[in-house]
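Below: the structure, in structure tokens.
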Amino acid sequence: MALYSEKVMDHFMHPRNVGIIEDADGIGEVGNAKCGDIMKMYLKIDNDVITDVKFETFGCASAIASSSMATELIKGQKVEDALALTNKAVAEALDGLPDYKMHCSVLAEEAIQSAIEDYQKKSKEKN
Ligand code: FES
């Protein structure tokens with residue numbers, strides 16, 4: 001079997017939703033201390049629905065593919081559903097990742113959670 005599925009290769013070569021959102025409602029940045037890879041996630045949220053999402057990832061192919069897939073999975077979703085997205089679900093949507101690359105998908109889960117926490121903190125400050 002090839003190391004990476006076709007979906008991983010597709011999302012790595014043509015990542016969706018790359019970039020930044022200037023007026024994001026929530027921003028999350030996480031990193032993996034071991035490999036040094038970093039992922040930053042920007043969310044635009046309206047009425048508790050994620051209307052837009054962009055990411056910047058400085059990392060390996062699996063991290064880039066995971067961020068790209070994760071953004072596709074949460075776009076248009078409710079905040080609570082995005083919060084429940086697991087790295088396993090991201091990896092499954094990519095038709096799997098090699099075991100030793102699973103930690104790369106964890107970055108996507110954590111980046112989304114961190115961006116949502118930031119959003120929740122900011123909306124509390126507003127009220
Ligand atoms: Fe670090 Fe993939 S090797 S996120």
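One-based numbering along the sequence shown. Order of listing sets the numbers, starting from 1, for every ligand and every atom in it. None of these values were measured; they are calculated from a predicted model.
Between Val53 and Leu43, some side-chain heavy-atom pair lies under the 4.5 Å cut-off.
In this structure a side-chain-to-backbone donor-acceptor pair under 3.5 Å is present from Lys44 to Asp23.
Between the side chains of Asp118 and Tyr42, no donor-acceptor pair of N or O atoms lies under 3.5 Å. Using a 3.5 Å distance cut-off with no hydrogens or angles, the side chains of Ser5 and Asp95 do not pair a donor with an acceptor.
Here the closest non-hydrogen pair linking Ala93 and Met69 is O-CE, 3.2 Å.
The side chain to side chain donor-acceptor pair (under 3.5 Å) analysis of residues 80-93, with sequence neighbours excluded, yields the pairs Asn87-Ser105.
Protein atoms that are N, O or S and lie under 2.8 Å from atom 2 (Fe) of ligand 1 are these: Cys60 SG, Cys104 SG.
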